[in-house]
Amino acid sequence: MTAVDEVAPNVFRATGTDVNVVILQDGDALTLVDGGYPGDVGAIENAIRSLGRRPEDVQGMLLTHAHIDHMGALASFHQRFHIPVFADPTEVAHARRDYLEQATAKDFIPMLHKHGVLPWLLRVARAGATKPLAIADAQAVLYDGPLDLPGAPVPVATHGHTSGHAAYHLPQHGVIITGDALVTAHPLSKLRGPQLLPPVFDHRHGDAGAALEHLAALEADTIVPGHGPAAFMPIADAVEQARDRGR
Ligand SMILES: [Zn+2]
């Protein structure tokens with residue numbers, strides 16, 4: 001059975017292959033935020049069943065960004081159960097694969113001598129990292145308050161890691177789901193705690209600073225990142241730590 005952490009009331013963190021999936025529960029209904037790698041679908045389905053629910057109970061699925069390690073279960077559940085997928089208006093085109101802002105295997109060749117890089121590449125390849133995957137009809141979120149979905153997540157524009165990256169805020173619980181705008185660990189990083197991803201993963205470094213400004217302005221003290229454990233500290237402090245550490 002997949003381990004599921006309840007990081008706040010009715011807010012659960014499940015894990016795929018070195019990547020997080022967040023499940024929001026409201027009665028019998030669920031919202032999924034991100035979906036792991038294609039090979040993580042079974043683990044995500046188990047996580048949902050461990051809450052006594054079924055994938056069919058998911059009312060909507062949110063994408064922080066359209067990288068393969070965040071789209072897996074979303075693409076599968078969308079296809080199998082016709083559950084709608086939502087993302088930032090720019091990221092909708094990325095999910096459709098009109099373009100691709102993702103590191104490919106050749107980007108990692110200069111890093112292969114570094115500790116842990118090769119085992120990580122092999123692990124994520126097994127999880128389907130190189131599988132072509134697209135979501136043809138994701139719908140655009142509006143940045144004007146809570147979405148009409150279980151958990152009432154509020155989209156927050158955090159462009160930078162990808163051109164249309166979004167975070168999701170749960171003001172009622174003081175939770176911020178940061179996606180890859182801010183993480184707390186990654187197999188290719190020696191750091192533990194709030195940090196930015198290694199630059200090889202970022203499409204546009206320039207905007208990451210603005211994304212952090214948007215995060216730091218939120219009221220939140222439970223941080224659920226795209227990679228690494230949840231962190232329990234004010235988001236403004238986490239942003240400051242990530243900035244100080246640079247890369
Ligand atoms: Zn990621």
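Note that this is a predicted model, so its numbers are computed, not measured. For the single chain, residues carry numbers from 1 onward in sequence order. First listed ligand is number 1; within each ligand, the first listed atom is number 1.
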Ring centroid separation H65 to H94 under 6.0 Å: no

Aromatic centroids of H67 and H165 separated by under 6.0 Å: no

Donor on one side chain, acceptor on other, D88 and Y143, under 3.5 Å: yes

By side-chain hydrogen bond (donor to acceptor under 3.5 Å, both in side chains) - contacts of D40 (at least two apart): T17

Steps toward side-chain hydrogen bond (donor to acceptor under 3.5 Å, both in side chains) verdict (D180, H227): CA-CA 7 Å; D180 285 0; H227 302 273; 3.3 Å; yes

The Zn ion (ligand 1): protein N, O or S atoms that are less than 2.8 Å away, sorted by chain: D69 OD2, H70 NE2, D180 OD2, H227 NE2

Partner of T178 by side-chain contact (heavy atoms from CB on, under 4.5 Å), out of V183, V239, I235: I235

